[in-house]
Structures are given as structure tokens and as C-alpha cells.
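Chain identifiers are assigned alphabetically (A, B, ...) following the order of the sequence lines, protein sequences preceding nucleic acid strands; residue numbering begins at 1 within each chain.
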There are 2 protein chains.
Amino acid sequence: MQPKLEDVAKLAGVSTTTVSRVINNRGYLSESTKDKVFKAMQRLNYQPSSAARALHGKQFKLIGLIFAGITNPIIAEVVEKIEDRLFNRGYKAIICNSLDNPEKERQYLRMLMANQVDGIITGSHNEGIKEYGMTELPIVSYDRYFKDKIPTVRSDNYGGGQLAAKTLIDKGAKKLLLVSGSIDVQMPNNDRITGFNKAVEDRGYTPQTVELPYNSTPAIKRATIHQSLLIDHPDGIFCTDDLTAILCMQEAKKIGMKIPDDLQVIGFDGSTNVQEYNPELSTIVQPLDDIADLLVRLLFNRLDNEDEKLLEEYTLPVELIQRESVKN
Amino acid sequence: MQPKLEDVAKLAGVSTTTVSRVINNRGYLSESTKDKVFKAMQRLNYQPSSAARALHGKQFKLIGLIFAGITNPIIAEVVEKIEDRLFNRGYKAIICNSLDNPEKERQYLRMLMANQVDGIITGSHNEGIKEYGMTELPIVSYDRYFKDKIPTVRSDNYGGGQLAAKTLIDKGAKKLLLVSGSIDVQMPNNDRITGFNKAVEDRGYTPQTVELPYNSTPAIKRATIHQSLLIDHPDGIFCTDDLTAILCMQEAKKIGMKIPDDLQVIGFDGSTNVQEYNPELSTIVQPLDDIADLLVRLLFNRLDNEDEKLLEEYTLPVELIQRESVKN
DNA sequence: AATTCTATGTCAATCGTTTGACATAAATTA
DNA sequence: TAATTTATGTCAAACGATTGACATAGAATT
């Protein structure tokens, strides 16, 4: 059995109340007592029962992270960064992969709300999951839109789309193609698209668009892209995510197009992984460190002091990383 | 405030004991009572406080997952699969990224041991972290060696190494190069290496080896590989992981080597992600579904009935997926 | 009609920690 | 010296659910 508070008290030769005081740092305490208690705690390898503590409204030190899945490199990276920051504050992260299954997401939300976690960071789909509105848990979201008072942190998707368009055109592209995931108002994708289209049209061009349904397999995506390359003959492509951009480059090469001479490509996200293993790809990079920092900061803000007024949206600047897939 | 058991009882018009009986399915219960109670629970959106339950030795329904990090695609995939299986059993996963930091891993272990989780699945480094031996928590491990009674699940690393060697040689490779991560006895890497070397030597060849220190950046890895390609002139490479294999192929192409004509490459792991976005790469595939299944099954075995004798090691068969990076 | 099951209720202790109320005494300050 | 601050202790009531002991009464079985 785990040692309990009483055991610590006994070993330290003080009362249980005193031990509790030391742990919670309340009331008057002498250094020597604190020392004795800490030493006893160490010797016994004591850890207060978070169950018992939680019963008194203390924090569980647990945060729920709801994301679609962690096999997407950009999500894996955000989640990893968030987890690390939570750890530094003494919190642990429960990983909830919705896998694009609303039912799973809903169930997870209920489980989290029960009374397990102190807060939630969500970056998942949530097509009108009413449970989000049903809780008083502090929630912050990454890159998703909520009507209610849930603050959202995201990259400047619109600006990133514009930047991509501007860059491609400046580098001489004339036949522009936009390859996007599902076009859905709730999704960040949307801003990337509108930003891109706006900037393209402003410069007097008309962009072609290829929409890849959200749940299509890479094989289908490849085929669709392949087709489009042959038909539309683009010389500049913007993809709303890096993975799609990789497919574009690969398919282009297959049909003998040279990058960047025949075709320039810009992606979006800039996860470390993609950058390291696809060094050719130019991309609009999300500031993941800042995003993770801000998400966690906002969450703890709501956790610690209820009254501070938070903004509804925090938009962080993106950056173009220029690699071989665009001309110099 | 969350509704409590008492509120449910009141609404259902029964005693708190009865509600508890319904929840825990103990004693005699009529269908009609169960119905009333479940309806009341639903209406109130009631969830029993897991804190209160945990005080009575009930499960927290929480499992700790300790891994190095989730940005490695193969780990992301295992973790995601494990999480899904835990979810199906009503459990949640705490994600603990050690980030190759023994101190962080140790701290996480302590936190988990405290009394938060019901069990642990670890796939991390654990260079002699004594805490693993200090707990009675059920633990199972993925691909790591422990002395004690912690069961290990892993792919047939040795056999995979052999298979890679056999394949390369059968396809006509004569100058074999092994590119590996750190050679460390505790690591699965090691078996892949020895399996490969054994099979190569059995066939009368002598393999060259390049060791890439564990924490070197991709840039350094690239340079090392580049160097070796120029000096050793291999015509067959086995990498102990897919990511390294990707680097090899890219560097080879840079110096004008044709794959698979001049150089054949086989990797290891076979994560969905790598297969989808690097379709050229042949690789030894780990049976991730089986691995996740087994890990979770073993864990629950230990969770549910203490007495069943588990094996110390479970080795699952691997498979070669042959793509363009080896000759037909 | 007697016995056993089934279905529910009451009551209270328990899990490990927190916390408030109150007491005491030594150390410090006015 | 008196008043205050500091440092600890004792005691007991929470927190929310579980569970065992025991009671009661209708239903089903013998």
C-alpha cells in the first residue's frame, strides 16, 4: 500500500494537520518542521492521494487534449509541445483522439467533464457537439471556431494563404492551382483558401481549385491530383497542408514535371518532421511553440482566476520558409 | 455543480443505496428501477465522481502511456491504436513523453504511481530507472527490455533484420551497408542489427556499418550517410528505421545513384504515414494492430486477475513490404 | 401456509485529505 | 509586562460514493 498522510506524520513526529499544512503551504510553519516533513515524505516516497484531494475541490492536475488524431505530424507536434508545457506546470495530459468520429468525441467530452480533468484543450472537429456548451470547465481551442465563450488560438491562416499566392505570382507562376481539403466553414482550411483566392484575384488571375474530400485515402488524393495536373497544367500550386503538397510534388515528378522550373509548390503547416524529411518543400509555417505557449497560458488563466476577460480569438503570424520547390 | 448520486436518487424516487446498486450492478434489481435510475442519470447528465470512487479502491479508468515522443510516426501510430483500444474499454490514456529525458521519465513515473492510474504501458528508454521496480502497478512494455517481471511485447526484430539481409542479397546486392541508430543493448535496434549481420555473414558477405548517434540531427545524419555512400559505394542498404531509410534514398539520389538499379534500400517499421508518403520505400513492417491489441490485453489481464502467469516476452512476426526501392 | 427469493430501504462506517474552530505555548514586539 | 505573532496540536466535519449489516414486504415456490 501507498503510504498515507498519517504515516508521514508519524515518521516526522508531527500531527497530520501539520503535514497537510506543509503540503498545502498554509498557516504558520517553521523551516525545521517543513524540513522534517519533506524528509519523511521523501523517505516514504509519499504522494498525496489525488482522489482524496480532488474530493475537496483540489485540482486533479489533469488536462484533456481533444484532437482528431496524432498521426498527422502537425498535430503530433502541437500535442507534444502542449504536453511538455503542461508537464512543466505539474499537469498531465489525457489524450483523446476523436478520429473524426463525433460519437467518440462526445463520449470523451462527457468522460472528461465528469470530474476527471481541470480543463480541456481541443483542436478537433466538433460539428455542433452540444456538450461543449454544457460544462463550466475551462476550455480553449486550437484552430476551431466556437460560437460561445471558448477562446480560439490559431495561425494567421488567411494571411498565410495570401502570402502563398503572392509568393507564387512574384516568382512567375501564371496558372495557379489550389489543392485543398474539404471546404468547410468551421475549418481553418477555409481561411487559407479565401486568403489565397483573394490575393490571386487581386492580381488579376483566376485560380483553379481541386477539393480533396476529407476522408479520402492518399491513393484517391494522388489520382485526383494526377488528373488535375494533366488537365489544368498548373505552374504554381498552393496546398492547404504539407502532406497534400508532398503528394503534389511526387505526382508532378511522375509525369515528368520539373520542380520548380515547370511547377512551383507551397504547402502549409511546416511541422518539423515534414521539413526534415521533405527539405525540398516550401511552406507556410505555423508558430507551434507560440501556439502551445498561448494555449496553455490562456487555459491556466481561466483556471486560476475566473474573472480575467480573454479575447475570443488570438491569431498568430505565420512565416514562409522558402525551399527548392519555389524559384529563387 | 455536477449532480451527485443523491440528486439522482431524489429524481428517480429511490434511495442512494439503490442508485449505487444500479451503477455497480450489485444485489437484486428490478428492470423498472434500473430504468428509472438510468433515466434520471441521463436527465441530470450524471457521472459518478471518479475521485470518490477511487477512494474506495475502484479503478480510475486511467492508463499511463510512457513513450519517448509522439512525433515519430511509428510511435504516434502505436499510441493512437493503444488509445483507441483503451477507449473501447472505457479507459483514458495519459500521454507521457519522456523526450529522452530520464529525469522527466522518472518524474512521470512517480506521478503516475502516486495513485492516479490503474496501469502503465511503456515504450521509453528507461536506462535503469529504479522507479519501475518500485511499484505494484501493472506495467507492460513495448519493445524495451526489463529485468523484472514486466512483460514485453515486440516485433521480431531479429527475424526482420535477417529478412532484410536475405532479400537484399537475393536481389543481387553485394556491397551491403547497415545504417543504424545508436547501438545499445537495451534497444530493439540491437536485434535488428544482429539479425541482419548474422544473415549477411551466413551468406559469406561482410556488411559495412554506419552508426548514427541517437540524438544527432537529420542534417548530421544526412552528412554521415552522404559520406558513407561516396566512400563505401554500397549497392544494398538496410536501415533500422524508415526515417533513416528515407534520408538514405534522398542522399543517394542527390549523388546520382538510381534506386533500385544502383542501390536497393530496405527500412524498418512501416508506419502508415511513411508508407503513404514514401511509397517507394520497401520496409519490414511491424504488426501495429496486433501489438496494440496484445499490449492492452496483457495489461488488462494483470489488471483483472492477478494470478494468471504471463510470459516475459511476446514476439510478433514482421513482414516485408516490397516496393520500388528493391528490384523485382 | 410456510418458506425462500426478490426488491428495496435505512443507517453508518469507510476511503485519504482538507479545513475550520479552538487550544496552547513559545518567541517576538510594543 | 502585556499584547501580539508564530508555531504547532487536537478534534471533527466535510468531500461523494461504496458497502456491509440489517430490516421489511411483496412475489414466487414448495
Side-chain angles (χ1 to χ4, degrees), chain A residues 1-41 44-62 90 110-111 113-118 136, chain B residues 1-41 44-62 90 110-111 113-118 136:
Chain A
M1 269 301 284
Q2 299 273 350
K4 48 173 81 168
L5 191 135
E6 205 186 323
D7 304 320
V8 176
K10 221 172 286 173
L11 180 60
V14 299
S15 71
T16 59
T17 303
T18 299
V19 176
S20 176
R21 281 186 184 127
V22 171
I23 291 170
N24 296 287
N25 201 27
R26 305 177 62 252
Y28 297 117
L29 290 167
S30 72
E31 283 307 316
S32 71
T33 308
K34 282 195 215 169
D35 244 46
K36 274 190 296 182
V37 172
F38 281 131
K39 287 222 176 79
M41 283 173 39
L44 293 175
N45 197 21
Y46 168 81
Q47 296 278 144
S49 150
S50 35
R53 305 193 77 201
L55 222 40
H56 289 269
K58 296 266 168 186
Q59 308 279 12
F60 246 107
K61 304 277 189 180
L62 229 39
R110 291 173 159 271
M111 288 162 78
M113 282 163 50
N115 24 27
Q116 314 259 18
V117 300
D118 306 310
E136 280 144 46
Chain B
M1 267 303 283
Q2 298 273 349
K4 47 171 82 170
L5 190 133
E6 207 185 322
D7 303 319
V8 177
K10 222 172 285 173
L11 180 60
V14 299
S15 72
T16 58
T17 303
T18 300
V19 176
S20 176
R21 281 184 185 130
V22 172
I23 291 171
N24 296 288
N25 201 29
R26 304 177 62 253
Y28 295 119
L29 289 168
S30 71
E31 283 308 314
S32 70
T33 307
K34 281 194 216 168
D35 245 46
K36 275 191 297 184
V37 172
F38 281 131
K39 286 222 177 80
M41 282 172 41
L44 293 175
N45 199 18
Y46 169 80
Q47 296 278 145
S49 149
S50 36
R53 306 193 75 201
L55 266 186
H56 289 272
K58 296 266 167 186
Q59 307 280 8
F60 246 109
K61 305 279 188 178
L62 230 38
R110 291 173 158 271
M111 288 162 77
M113 282 163 49
N115 23 25
Q116 314 259 19
V117 300
D118 306 309
E136 280 144 48

How long is the line joining [atom1] of [X] and [atom2] of [N], in whole Å?
{"X": "Leu44(B)", "N": "dA17(D)", "atom1": "CG", "atom2": "P", "value": "12 Å"}
{"X": "Tyr28(A)", "N": "dT28(C)", "atom1": "OH", "atom2": "P", "value": "14 Å"}
{"X": "Glu6(B)", "N": "dT10(C)", "atom1": "CD", "atom2": "C1'", "value": "14 Å"}
{"X": "Ile23(B)", "N": "dG16(D)", "atom1": "CD1", "atom2": "C1'", "value": "11 Å"}
{"X": "Asn24(A)", "N": "dG16(C)", "atom1": "CG", "atom2": "P", "value": "17 Å"}
{"X": "Lys10(A)", "N": "dG16(C)", "atom1": "NZ", "atom2": "P", "value": "12 Å"}
{"X": "Gln2(B)", "N": "dA17(D)", "atom1": "CD", "atom2": "C1'", "value": "14 Å"}
{"X": "Lys34(B)", "N": "dT6(C)", "atom1": "NZ", "atom2": "C1'", "value": "12 Å"}

Test your reading of the model: is there a side-chain donor-acceptor pair from Glu136(A) to the backbone of Gln2(B), 3.5 Å cut-off?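 Checking the backbone N and O of Gln2(B) against the side chain of Glu136(A), no donor-acceptor pair under 3.5 Å is found.
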
Quick check for you: to the nearest 0.5 Å, what is the distance between [X] atom [atom1] and [Y] atom [atom2]?
{"X": "Leu62(A)", "Y": "Phe60(B)", "atom1": "CG", "atom2": "CZ", "value": "8.5 Å"}
{"X": "Lys58(B)", "Y": "Ser50(B)", "atom1": "NZ", "atom2": "OG", "value": "13.0 Å"}
{"X": "Asn25(B)", "Y": "Lys34(B)", "atom1": "CG", "atom2": "NZ", "value": "5.5 Å"}
{"X": "Arg21(A)", "Y": "Thr16(A)", "atom1": "CZ", "atom2": "OG1", "value": "9.5 Å"}

Can you find a donor-acceptor N/O pair under 3.5 angstrom joining the side chain of His56(A) to the base of dG16(D)?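 No such pair is found, so the answer is no.
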
Among Arg53(A), Met41(A), Lys4(A), whose side chain to side chain contact (heavy atoms under 4.5 Å, CB included) with Pro48(A) holds?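 Exactly one candidate clears the test, Arg53(A).
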
Using a 4.0 Å cut-off on heavy atoms, which residues in residues 15-22 of chain B reach DNA chain C? List them by number, or say none.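 Contacting residues: Ser15(B), Thr17(B), Thr18(B), Arg21(B).
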
For a quick test of reading the model: is some side-chain N or O of Arg26(B) closer than 4.0 Å to OP1 or OP2 of dT18(D)?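 So the side chain of Arg26(B) is outside the cut-off, no N or O lying under 4.0 Å from OP1 or OP2 of dT18(D).
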
